[in-house]
Amino acid sequence: MALSREQLAQRVAKEMQDGFYVNLGIGIPTLVANYIPDGMQVMLQSENGLLGMGEFPTEDAIDADLINAGKQTVTAVAGASFFSSAESFAMIRGGHVDLTVLGAFEVDVNGSIASWMIPGKLIKGMGGAMDLVAGADNIIVTMMHADKYGNSKLLPLCELPLTGYGCIKRVMTDLAFIEIKDGAFHLLERAPGVSVEEIIAKTAGKLIVPEHVPEMVF
Amino acid sequence: MAGFNKVVHSYDEALAGLTDNMTLMVGGFGLCGIPEGLINHMVKLGVTGLTAISNNAGVDDFGLGLLLKQRQISTMIASYVGENATFEQQMLSGELNVILTPQGTLAEKIRAGGAGIPAFFTATGYGTPIADGKETREIKGRHYVLEESLTADFALVRAWKADTMGNLVFRKTAANFNPMMATAGKITVVEAEEIVQPGELDPNHIHTPGIYVDRVIQASFEKRIEQRTVKAAK
C-alpha cells in the first residue's frame with residue numbers, strides 16, 4: 001500500500017536527530033512536526049522570523065503578531081527567538097539549518113527540483129523555496145511518486161521550471177525512500193506492501209535497485 | 001518637527017512628498033506586521049503608477065490589496081502573491097508588472113540596499129528562470145547569481161514601539177521585512193503601536209536605531225489574521 005500523507009510524515013520524522021534545527025515546508029512537511037520522537041528536542045525554524053515554533057495556540061492565546069510561514073497563528077516554545085527576514089535567510093542560506101523538508105512537483109536524477117511554477121497555470125511565487133534548496137545541505141523532498149494518471153514525477157530531467165539545480169539528495173515518496181547520487185535514483189526503502197516492480201514502473205529516471213530492498217519501519 | 005523629534009500627527013504629514021510613479025517598500029509578511037494606516041492613506045491620496053516592494057500583496061480587501069483594487073500599483077516586487085484574486089486578474093491581463101523574487105534574495109536585496117552594497121552573489125536561483133539574463137560566477141566550485149540591491153523613495157514600516165527619536169522595537173513575527181526596509185528608504189515612515197519618550201526604550205533592546213527613521217506616527221491596528229489556527233483548550 002502506498003503511504004498516506006500521515007505515514008509519509010511519520011517516516012520523515014525518523015530522520016530527525018536530537019538537537020536539530022529543522023525547517024518544515026507547507027503541506028506534508030508540516031505534518032512531520034506531529035511525529036517528532038518523544039524525548040527528542042528539535043527546534044523548528046519558520047522563515048518569516050521564528051526559531052522555536054510551537055503548536056497552534058488555544059483560542060484565548062491567539063496573537064496576530066505570531067504566525068508561521070503558512071500565515072497560520074502559532075506559539076513559540078521556551079528558548080525561541082524572533083528575528084528579521086534577512087536574519088532568517090542568513091540562517092538558511094548560510095547552511096545553519098540541519099534539516100529541511102519540502103514538497104515538489106518533480107525531481108530528477110541530477111538532484112534538481114521543480115516545485116513552484118507550472119507554465120500556463122497561475123504563478124503564485126516561489127516564496128522561500130529557492131533559498132531553502134540552495135542553502136541547505138540536508139534536504140528531504142516529500143512528494144507523490146507519480147501523478148493520478150500514473151505518470152512518474154521522478155524524472156531523467158525536470159520538465160517544469162526549476163526551483164533549484166542539483167541540490168536534492170533524498171526523496172521520500174508515498175512508495176519509496178530514494179537517494180540521489182551519481183546521476184541516478186537509488187532505492188533505499190519501499191513502503192510496506194509496495195513491490196519493487198511497482199516502484200521501477202513508476203520511476204522514469206534511471207533507478208538503481210539493490211538486491212535487497214527493505215520495507216520502511218515506522 | 002524639531003531636533004530629533006520625528007513624530008508627526010497626521011497621515012498627510014507622514015506621507016508628505018509621496019507622488020505618482022514612486023517606488024515604495026511596504027513591510028509585512030502576509031497581513032502580519034503591515035503598516036495598515038499608511039496603506040489606507042495611500043488609497044485616499046490616490047497616487048498611481050507605484051512600484052511596490054513587499055513580500056506579499058495583501059488580500060482583496062486589506063493591506064496592499066486595497067491599492068491594487070484602485071489600480072495604483074503598476075509594478076509589484078514580491079516573493080509570493082497567492083492570496084489575492086485582484087492581483088491574479090491584473091497579472092494575467094498584463095496591466096500589472098510582477099517581478100517574483102525569492103524571499104531570501106528579496107530580504108537581502110533590501111538589506112544590501114540599506115547598507116550601501118549595490119549587488120551580491122547568491123546560490124539561490126542558479127539554474128532557474130530567476131537567473132535568466134543575470135551575471136553568474138563560479139566561486140570555489142559553486143555557482144552563484146549576481147543580484148542587485150533595492151532601495152525606495154519611501155519605506156513604510158510598522159513597529160511595536162518607537163521613541164520620538166525613531167528608535168524602534170518590533171514584536172514577534174511582525175518584524176519580518178520591517179527592519180531591513182527601515183534602512184532602505186530615502187524617506188522612512190514608521191507607524192507604531194506606541195510612541196514613548198527617549199530613554200524609555202532600553203538601548204540594549206533597540207532593533208532599529210533612529211538614524212534610519214524620518215517620521216513616526218502613532219496608530220492603532222486592526223491586525224487581521226489570515227489563517228486562524230487553534231488547538232482545543234485542555
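By convention in this document, chain letters (A, B, ...) are assigned in the order of the sequence lines, proteins followed by strands, and residues within each chain are numbered from 1.
Contact detail for B:Phe29 and A:Asn68: the closest heavy-atom pair is CE2-O, 4.0 Å. In this structure, B:Ile225 and A:Thr73 approach most closely via the heavy-atom pair CG2-CG2, 3.7 Å. Nearest heavy-atom pair across B:Ala175 and A:Phe83 is CB-O, 4.4 Å. Shown here for A:Ser85 and B:Met180, the closest heavy-atom pair between the two residues is CB-CE, 3.8 Å. Contact record, B:Tyr126 with A:Tyr165: O-CB, 3.6 Å, taken as the closest heavy-atom pair. In this structure, A:Trp116 and B:Pro129 approach most closely via the heavy-atom pair CZ2-CG, 4.1 Å.
Using a 4.5 Å cut-off between heavy atoms, B:Ile110 makes no contact with chain A at all. Using a 4.5 Å cut-off between heavy atoms, A:Ile62 contacts chain B through its side chain alone, with no backbone atom that close. Heavy-atom distances place no part of B:Asn178 under 4.5 Å from chain A, backbone and side chain included. Neither the backbone nor the side chain of A:Asp60 comes within contact range of chain B; no heavy atoms are under 4.5 Å apart. For B:Glu222, no part sits under 4.5 Å from any heavy atom of chain A, backbone or side chain. There is no contact between A:Leu132 and chain B, counting heavy-atom distances below 4.5 Å. For A:Ser81, no part lies near chain B; criterion is any non-hydrogen pair under 4.5 Å.
Looking only at side-chain heavy atoms (C-beta outward), B:Cys32 and A:Lys71 stay at 4.5 Å or farther from each other. Residues A:Phe89 and B:Gln103 form a side-chain contact, since some pair of their non-hydrogen atoms from C-beta on lies under 4.5 Å apart. Using a 4.5 Å heavy-atom cutoff, the side chains of B:Arg228 and A:Glu59 are in contact.
The line from CG of B:Asn55 to CD of A:Glu47 is 9.5 Å long, rounded to the nearest 0.5 Å. The line from CG of B:Asn84 to NZ of A:Lys124 is 10.5 Å long, rounded to the nearest 0.5 Å.
The local environment of CD in B:Glu95 is crowded, with over 12 non-hydrogen atoms from other residues, nucleotides or ligands closer than 6.0 Å. The number of heavy-atom neighbours closer than 6.0 Å to CG of A:Asp137, taken from other residues, nucleotides and ligands shown, is 12 or below. Open room surrounds CD1 on B:Ile211; 12 or fewer heavy atoms of other groups in view lie less than 6.0 Å from it. At most 12 non-hydrogen atoms from other residues, nucleotides or ligands lie less than 6.0 angstrom from CD of A:Gln41. Surrounding NZ of A:Lys206 are at most 12 heavy atoms belonging to other residues, nucleotides or ligands under 6.0 Å away. B:Asn204 CG: more than 12 foreign heavy atoms inside a 6.0 Å radius. Environment of CZ in A:Phe105: crowded, with over 12 heavy atoms of neighbouring residues, nucleotides or ligands closer than 6.0 Å. Enclosure of atom OH in A:Tyr21 is not indicated, since only 12 or fewer non-hydrogen atoms of other residues, nucleotides or ligands lie within 6.0 angstrom.
Ranked by non-hydrogen atom pairs under 4.5 Å with chain B, the options A:Gly49, A:Gly127, A:Ala129, A:Ala86 are led by A:Gly127. With chain B as partner, the option from A:Pro57, A:Ala61, A:Gly128 having the largest number of non-hydrogen pairs under 4.5 angstrom is A:Pro57. Most heavy-atom pairs under 4.5 Å with chain A, from the set B:Lys223, B:Arg142, B:Gln227, B:Glu108: that is B:Gln227. Residue with the most contacts toward chain A among B:Gly30, B:Ala107, B:Pro102: B:Pro102 (heavy-atom pairs, distance under 4.5 Å).
Checking side-chain atoms of B:Thr229 against main-chain N and O of A:Gln72 turns up no donor-acceptor pair under 3.5 Å. In this structure a side-chain-to-backbone donor-acceptor pair under 3.5 Å is present from B:Thr173 to A:Asp65. The backbone N or O of B:Thr105 lies less than 3.5 Å from a partner atom in the side chain of A:Asp131, making a donor-acceptor pair.
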- Task: Applying side chain to side chain contact (heavy atoms under 4.5 Å, CB included), run through B:Ile130 and A:Met126 and close with a yes or a no.
- Result: CA-CA 10 Å; B:Ile130 294 308; A:Met126 70 294 286; 3.5 Å; yes

- Task: Take B:Arg171 and A:Asp63, measure what salt bridge (Lys or Arg N to Asp or Glu O under 4.0 Å) needs, and give me the verdict at the end.
- Result: CA-CA 11 Å; B:Arg171 186 170 179 275; A:Asp63 185 339; 2.7 Å; yes

- Message: side chain to side chain contact (heavy atoms under 4.5 Å, CB included) for B:Leu100 and A:Ile123? Distances and angles first, verdict last.
- Response: CA-CA 9 Å; B:Leu100 288 171; A:Ile123 302 160; 3.4 Å; yes

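Note on B:Arg111 versus A:Glu87: no salt bridge recorded, every NZ/NE/NH1/NH2 to OD/OE distance being 4.0 Å or above.
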